[in-house]
Visitor: 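Here you go, one structure.
In this text the structure is predicted, and so the values were computed from the model without any measurement. Nothing fancy with the numbering, it's 1 onward along the sequence.
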Amino acid sequence: MAIETEVYADGVYQIHMIEQTIRLDLMRLQPSPENTTPVPKPFERVVLTPQGFLRTYEAMTQIVKKLEELGLIRRNPDAKK
C-alpha cells in the first residue's frame, strides 16, 4: 500500500464526539504576534467511527510503550489521570 498524502501536525487541538463519530482536530504551532510562545492553530480534522478510534488508541498505546522501552519518554507519576 502506497501512502499518497502526508500531513504534518504538531498535535491534536481538540477531540470531541458528535453523534456516532469521534473528531480529532489537528493543529500546528504558529508564531505568536508578539514572537513569544507559539500558538496552536487548528487546520484539519480526522473523523473516525468508534471502532476506528479504538484501533487508533491501541496503535498509539503500543507506540508509547515502545518509546518508554527505548527511554525516549518517561511517564510522570504525579500526572492526573
Side-chain angles (χ1 to χ4, degrees):
M1 177 176 133
I3 296 176
E4 296 180 16
T5 303
E6 186 172 306
V7 175
Y8 174 82
D10 286 309
V12 175
Y13 183 78
Q14 184 178 29
I15 300 174
H16 52 279
M17 189 168 97
I18 298 177
E19 297 180 359
Q20 296 298 314
T21 60
I22 291 83
R23 294 151 193 247
L24 303 158
D25 295 339
L26 303 178
M27 63 88 176
R28 290 186 184 124
L29 296 174
Q30 300 293 316
S32 69
E34 299 83 25
N35 285 330
T36 56
T37 305
V39 294
K41 180 181 177 188
F43 74 96
E44 191 143 355
R45 176 175 288 159
V46 177
V47 181
L48 300 164
T49 64
Q51 296 81 8
F53 179 77
L54 289 174
R55 283 191 295 271
T56 301
Y57 176 78
E58 179 60 31
M60 288 183 176
T61 300
Q62 295 303 316
I63 294 294
V64 169
K65 287 179 184 177
K66 187 67 169 178
L67 291 170
E68 287 177 321
E69 290 169 7
L70 294 171
L72 297 172
I73 62 171
R74 287 183 288 173
R75 291 198 185 260
N76 181 354
D78 299 327
K80 294 181 181 181
K81 294 183 180 185

Visitor: Can you tell if the side chain of Leu24 reaches within under 4.5 Å of the side chain of Leu48, non-hydrogen atoms only?
Guide: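 Yes - at least one pair of side-chain heavy atoms lies under 4.5 Å apart.
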Visitor: Answer yes when Asp10 and Arg28 have at least one side-chain N-carboxylate O distance shorter than 4.0 Å, and no when they do not.
Guide: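 Judged by the 4.0 Å cut-off on N to carboxylate O distance, Asp10 and Arg28 do not form a salt bridge.
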Visitor: So which atom in Phe43 and which in Tyr8 form the shortest heavy-atom distance, rounded to 0.1 Å?
Guide: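 So the two residues come closest at CZ-O, 3.2 Å.
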Visitor: Would you check if Val64 and Gln62 make a side-chain contact, meaning some heavy-atom pair closer than 4.5 Å?
Guide: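 Counting from C-beta outward, Val64 and Gln62 never come under 4.5 Å.
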Visitor: Does the pair Arg75/Glu68 count as a salt bridge with the N-to-O cut at 4.0 Å?
Guide: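 Judged by the 4.0 Å cut-off on N to carboxylate O distance, Arg75 and Glu68 do form a salt bridge.
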Visitor: Measure the shortest side-chain to side-chain distance between Gln30 and Lys41 over non-hydrogen atoms and say whether it is less than 4.5 angstrom.
Guide: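 Gln30 vs Lys41: side chains touch.
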Visitor: Does some side-chain heavy atom of Ile15 sit less than 4.5 Å from a side-chain heavy atom of Ile22?
Guide: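 A side-chain contact exists here, since the closest heavy-atom pair is under 4.5 Å.
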Visitor: Does a side-chain heavy-atom distance below 4.5 Å link Val39 with Leu29?
Guide: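 No, every pair of side-chain atoms sits at 4.5 Å or beyond.
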Visitor: About how many Å separate NE2 of His16 and OG1 of Thr21, when rounded to the nearest 0.5 Å?
Guide: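 One finds 8.0 Å between OG1 of Thr21 and NE2 of His16.
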Visitor: Do Gln14 and Val12 pass the side-chain contact (heavy atoms from CB on, under 4.5 Å) test, and can you show the C-alpha distance, the side-chain angles, and the key distance before you say yes or no?
Guide: CA-CA 6 Å; Gln14 184 178 29; Val12 175; 5.7 Å; no
Visitor: Mind checking whether Arg45 and Val47 have side chains closer than 4.5 Å, heavy atoms only?
Guide: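 Yes, side chains in contact.
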Visitor: Kindly work out whether a path of hydrophobic side-chain contacts (I/L/V/M/F/W/Y, heavy atoms less than 4.5 Å apart) joins Met60 to Leu54.
Guide: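 Different hydrophobic clusters.
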Visitor: Identify the two heavy atoms, one from Met27 and one from Pro40, that lie closest to each other, and give their separation to 0.1 Å.
Guide: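 Minimum heavy-atom separation between Met27 and Pro40: SD-CB, 3.7 Å.
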